[in-house]
Amino acid sequence: MKTLLTKSQVENLLPQKAPFAMVDGLVELNREAFSTLTIAEDNLLVNKNHFSEAGLLEFMAQSIAVSSAFMRESKKEAKVGFIGAIKKTEILALPKVATQIFGKVEKKYEAIGIQLAKVEVFNSSQELLAWAEIKTVLSSS
């Protein structure tokens, strides 16, 4: 596993700041980039010792932002974006506190500030925990 972006680099990219930053790294596994998050007990989106559905969706949305910023040459910051629609989603399991999760972003479409991506979330055993197709709208500034 090769580190592509450290936690501090991700913090500089994302408009979301602690305690709402839900991505803490970007790594390369088998020549693919994955966002990461180790779920802390004090995470705002933890409920009854599990990362919530809302937490998984927010992780997916922030994974899209980090992945998009990393792919752009400037890499100065992620553009501010908003979830425009969640076309499809499936939550298969809620990860427990202390679990490291990985997000794989597959961009399907991007034009005029709108992008559609499929995001899959895995645990360290490569079990699929959740997936969604999310349309994001990027601000022009």
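Computed from a prediction, not measured in an experiment: that's the story for all the values here.
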Q) Could you go step by step and tell me if Asp24 and Val10 meet the side-chain contact (heavy atoms from CB on, under 4.5 Å) rule? A) CA-CA 6 Å; Asp24 61 15; Val10 169; over 6 Å; no
Q: Before giving the answer on side-chain contact (heavy atoms from CB on, under 4.5 Å), spell out for Phe51 and Leu94 the whole-Å C-alpha distance, their side-chain angles and the decisive distance to 0.1 Å.
A: CA-CA 6 Å; Phe51 201 42; Leu94 298 177; 5.8 Å; no
**Q.** Pair Gln16-Met22, side-chain contact (heavy atoms from CB on, under 4.5 Å): steps then yes or no
**A.** CA-CA 8 Å; Gln16 293 88 351; Met22 297 294 153; over 6 Å; no
**Q.** Steps toward side-chain contact (heavy atoms from CB on, under 4.5 Å) verdict (Lys87, Leu116)
**A.** CA-CA 9 Å; Lys87 287 182 65 173; Leu116 175 64; 3.9 Å; yes
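In this structure, Glu58 CD and Ser63 OG are separated by 9.5 Å, a value rounded to the nearest 0.5 Å. To the nearest 0.5 Å, atom CD of residue Glu90 and atom CD of residue Glu120 are 11.0 Å apart. From Leu14, atom CG reaches atom CZ of Phe20 across 11.5 Å, with rounding to the nearest 0.5 Å. Residue Ile86 holds its CD1 atom at 4.5 Å from CG of Leu57, rounded to the nearest 0.5 Å. Separating the CZ atom in Phe122 from the CG atom in Leu29 is a distance of 10.5 Å, to the nearest 0.5 Å. A distance of 12.5 Å separates CG in Leu45 from CZ in Phe59, rounded to the nearest 0.5 Å.
Two different hydrophobic clusters hold Leu92 and Val105 under the rule that ILVMFWY side chains link at heavy-atom gaps under 4.5 Å. The hydrophobic cluster containing Leu37 does not contain Val27, counting ILVMFWY residues as joined when their side-chain heavy atoms lie under 4.5 angstrom apart, directly or transitively. Placement of Val121 and Leu5 within a single hydrophobic cluster is found when ILVMFWY residues are connected by side-chain heavy-atom separations under 4.5 Å, directly or transitively. Linking Ile, Leu, Val, Met, Phe, Trp and Tyr residues whenever their side-chain heavy atoms come within less than 4.5 Å places Leu13 and Met71 in a single cluster. Residues Phe102 and Leu4 do not share a hydrophobic cluster, clusters being chains of Ile/Leu/Val/Met/Phe/Trp/Tyr side chains in contact below 4.5 Å.
With Val97 as the partner, the side chain to side chain contact (heavy atoms under 4.5 Å, CB included) test is satisfied by one option alone out of Asn43, Asn49, Thr38: Asn49.
Residues Ala132 and Met60 approach most closely at CB-SD, 3.6 Å, considering heavy atoms. Ala93 and Leu56 get closest at one heavy-atom pair: O-CD1, 3.9 Å. Taking each heavy atom of Gly84 and Val137 in turn, the nearest pair found is CA-CG2, 4.3 Å.
The shortest distance between side-chain heavy atoms of Lys107 and Ser68 falls below 4.5 Å. Contact of the Leu44 side chain with the Pro19 side chain is registered, since non-hydrogen atoms from C-beta on lie closer than 4.5 Å. Glu41 has its side chain out of reach of Val46: every pair of non-hydrogen atoms, C-beta onward, lies at least 4.5 Å apart.
With hydrogens and angles disregarded, a donor-acceptor distance shorter than 3.5 Å links the side chain of Thr89 to the backbone of Trp131.
For Gln126, the CD atom is loosely surrounded, since the number of other residues' heavy atoms within 6.0 Å does not exceed 12. Within 6.0 Å of NZ on Lys96 lie no more than 12 heavy atoms contributed by other residues, nucleotides or ligands. Within a 6.0 Å radius of NZ in Lys2, no more than 12 heavy atoms belonging to other residues, nucleotides or ligands are found.
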